[in-house]
Chemist: 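Take this structure, written in structure tokens, and hold onto it; I'll ask about it next.
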Amino acid sequence: MTISDLTRRALIAVGALSLTTPSFAQGAPVTDKPTAFTYTSNGLSVAALKIGSGSPLVIVHGLGGHKEDFVPVMVGLSGQHTVYAFDMIGFGGSARTSPTISIGLQVEALHALVVSEKLPKIRLVGNSLGAWIAASFAAKYPELVERVVLIDAAGLKVTLGGPPPVNFAPDTVAEMQNLLQHVIASPFAQTTEFATQALAGFKASGEAATLGLLFAGFAAGNTGDRLLDDVLPQVKAPALVVWGAEDKLFPAALADIVLAGLPAGTRKILIPGASHFPQIDKPAELTAILADFLKP
């Protein structure tokens with residue numbers, strides 16, 4: 001499999017938002033917080049969060065953030081579920097020593113969480129690249145997935161070509177501001193101050209090296225990773241497609257392609273006022289949608 005310059009630069013763009021944390025999220029303040037812990041996947045340390053009680057639910061972030069971005073959503077769902085989120089390998093608090101970074105590597109990190117926590121089955125949520133990982137996990141381990149939610153999913157073939165709408169590898173604050181207008185709808189993210197912080201956060205995170213490994217694996221085509229289009233027909237669990245109606249990175253029309261690849265009866269929900277990261281733009285609305293679909 002190859003990855004085009006558009007996709008490479010798009011993922012860099014999303015990765016540039018690594019400073020986006022719950023402190024920027026809009027909505028009710030967090031009144032409780034998850035417990036941090038680590039586990040091991042293929043000899044690599046994985047940083048994770050856990051909160052609540054009830055049926056297990058695992059959330060997979062995208063390249064635009066880390067596990068902490070979902071804390072308000074995790075707290076909101078913790079009355080119904082034991083909610084987990086983890087940093088993908090190469091990101092956040094997880095190991096940076098893997099010689100390769102791939103979708104498959106993250107799928108196995110998710111599987112290692114299930115094994116480590118002795119979870120018989122899980123409900124699964126993924127955003128952006130995390131949705132690609134969630135779908136790939138559901139296809140590979142159907143016996144472990146009860147329900148799956150794909151939010152503004154990355155990985156569709158149709159996104160691999162064409163000219164980029166913005167500079168996805170911003171070098172200046174102005175370029176970052178233009179980028180932010182494409183991926184976050186909330187006014188707080190459109191300020192010069194936020195763009196400055198986001199640009200500095202990406203440069204300081206050291207995650208550019210992780211992105212380089214990910215892109216190199218895609219370009220070489222030696223990781224065994226498949227496009228989302230090829231994975232979706234193998235997802236057997238009941239599914240829900242959620243999309244930010246204002247997503248300018250992956251427009252909401254792409255939700256119909258994802259929907260068409262999933263089992264009959266799958267529904268699509270658009271969230272008004274949300275862009276590529278509904279957990280940032282509209283955490284309360286996203287939490288309500290997930291609570292309804294994933295309820296025990």
Side-chain angles (χ1 to χ4, degrees), residues 1-4 6-8 10-11 14 56-63 88 101-114 119-162 214-215 217-245 247 249-271 276 278 286 289-290 292-294:
M1 182 182 72
T2 61
I3 187 165
S4 70
L6 170 63
T7 301
R8 176 181 63 81
L11 293 177
V14 179
L57 163 61
V58 181
I59 300 174
V60 189
H61 70 82
L63 288 187
M88 292 189 292
I101 299 291
S102 65
I103 300 298
L105 181 74
Q106 312 300 355
V107 167
E108 291 313 306
L110 172 53
H111 184 256
L113 173 62
V114 172
L119 307 177
K121 281 192 173 185
I122 62 172
R123 290 163 168 81
L124 184 56
V125 175
N127 171 231
S128 190
L129 190 77
W132 191 355
I133 293 165
S136 299
F137 182 90
K140 184 173 183 178
Y141 298 106
E143 72 282 3
L144 295 179
V145 180
E146 288 190 331
R147 298 186 182 190
V148 61
V149 181
L150 307 181
I151 306 170
D152 295 78
L156 290 171
K157 182 178 180 180
V158 71
T159 65
L160 301 183
L214 179 67
F215 305 145
F218 283 151
N222 58 7
T223 63
D225 292 332
R226 296 179 298 156
L227 295 175
L228 186 64
D229 311 65
D230 299 325
V231 171
L232 292 173
Q234 297 182 1
V235 175
K236 305 306 180 186
L240 177 67
V241 177
V242 178
W243 222 272
D247 191 339
L249 182 62
F250 296 142
L254 296 177
D256 291 327
I257 299 177
V258 177
L259 187 69
L262 288 166
T266 301
R267 294 186 299 123
K268 174 188 74 175
I269 298 178
L270 301 183
I271 302 181
H276 193 65
L286 178 61
I289 290 169
L290 296 180
D292 181 63
F293 180 72
L294 299 173

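Excluded from the calculations below are hydrogen atoms, water molecules and symmetry mates; all remaining heavy atoms, backbone and side chain alike, are included. For reference, positions follow the sequence shown, starting with 1.
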Chemist: Could you walk me through whether Leu240 and Ile289 satisfy the side chain to side chain contact (heavy atoms under 4.5 Å, CB included) test, starting with their C-alpha distance in whole Å, then the side-chain angles of each, then the deciding distance to 0.1 Å, before giving a yes or no?
Modeler: CA-CA 10 Å; Leu240 177 67; Ile289 290 169; 3.8 Å; yes

Chemist: Under the side chain to side chain contact (heavy atoms under 4.5 Å, CB included) criterion, do Leu150 and Val235 qualify, and how do the steps go?
Modeler: CA-CA 11 Å; Leu150 307 181; Val235 175; over 6 Å; no

Chemist: Is the side chain of Trp243 donor-acceptor paired with the backbone N or O of Phe250 at a distance under 3.5 Å, no angle test?
Modeler: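 Side chain of Trp243 to backbone of Phe250, a donor-acceptor pair under 3.5 Å: yes, one is there.
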
Chemist: What residue pairs, at least two apart or across chains, pass side-chain hydrogen bond (donor to acceptor under 3.5 Å, both in side chains) with a residue in residues 257-268?
Modeler: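 The answer is Asp256-Lys268.
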
Chemist: For residues His276 and Ser128, report the shortest heavy-atom separation together with the two atoms involved.
Modeler: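 In this case the closest contact between His276 and Ser128 is NE2-OG, 2.9 Å.
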
Chemist: With rounding to the nearest 0.5 Å, note down the distance linking CG in Leu113 to CD1 in Ile122.
Modeler: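 The CG atom of Leu113 sits 7.5 Å away from the CD1 atom of Ile122.
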
Chemist: For Ala245, which residues count as a side-chain contact (heavy atoms from CB on, under 4.5 Å) partner, sequence neighbours excluded?
Modeler: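 Partners of Ala245 by the side-chain contact (heavy atoms from CB on, under 4.5 Å) criterion, ordered by chain and then number, come out as Leu270.
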
Chemist: Hey, could you give me each pair passing side-chain hydrogen bond (donor to acceptor under 3.5 Å, both in side chains) that has a residue in residues 227-239? Not counting sequence neighbours.
Modeler: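 Listed once each, the pairs are Arg226-Gln234.
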
Chemist: Would Asp247 and Leu254 count as a side chain to side chain contact (heavy atoms under 4.5 Å, CB included) here? Give the steps.
Modeler: CA-CA 10 Å; Asp247 191 339; Leu254 296 177; over 6 Å; no

Chemist: Mind listing the closest non-hydrogen atom pair of Ala153 and Val258 along with its distance?
Modeler: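 Smallest interatomic distance, heavy atoms only, reads CB-CG2, 4.4 Å.
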
Chemist: Nearest 0.5 Å, what's the CE-CD1 distance between Met88 and Ile133?
Modeler: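 Met88 atom CE to Ile133 atom CD1 measures 5.0 Å (nearest 0.5 Å).
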
Chemist: For a quick test of reading the model, state the closest non-hydrogen atom pair linking Ala252 to Gly244 and the distance between them.
Modeler: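 Closest approach of Ala252 to Gly244: CB-O, 4.1 Å.
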
Chemist: List the steps and the verdict of side chain to side chain contact (heavy atoms under 4.5 Å, CB included) for Ile103 and Thr223.
Modeler: CA-CA 8 Å; Ile103 300 298; Thr223 63; over 6 Å; no

Chemist: How many angstroms lie between NE2 in His61 and CG in Leu129, if you round to the nearest 0.5 Å?
Modeler: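 Spacing of NE2 (His61) from CG (Leu129) equals 9.0 Å.
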
Chemist: Could you tell me whether a side-chain N or O of Asn127 sits under 3.5 Å from a main-chain N or O of Asp152, the two making a donor and an acceptor?
Modeler: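 The answer is no, because no donor-acceptor pair under 3.5 Å joins these two groups.
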
Chemist: Give the minimum heavy-atom separation between Leu232 and Ile257, together with the two atoms involved.
Modeler: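 Of all heavy-atom pairs spanning Leu232 and Ile257, the closest is CD1-O, 4.4 Å.
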
Chemist: Tell me which donor-acceptor pairs under 3.5 Å the side chains of residues 140-148 have, and how far apart each pair is, sequence neighbours excluded?
Modeler:
unit_1 : atom_1 : unit_2 : atom_2 : d
Lys140 : NZ     : Glu108 : OE2    : 2.8
Tyr141 : OH     : Glu108 : OE1    : 3.0
Tyr141 : OH     : Glu108 : OE2    : 3.0
Glu146 : OE1    : Arg123 : NH1    : 2.7
Arg147 : NH1    : Phe293 : O      : 2.3

Chemist: What is the minimum heavy-atom distance between Val107 and Ser136, and which atoms define it?
Modeler: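 Scanning both residues completely, I find the closest heavy atoms to be CG2-CB, 3.8 Å.
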
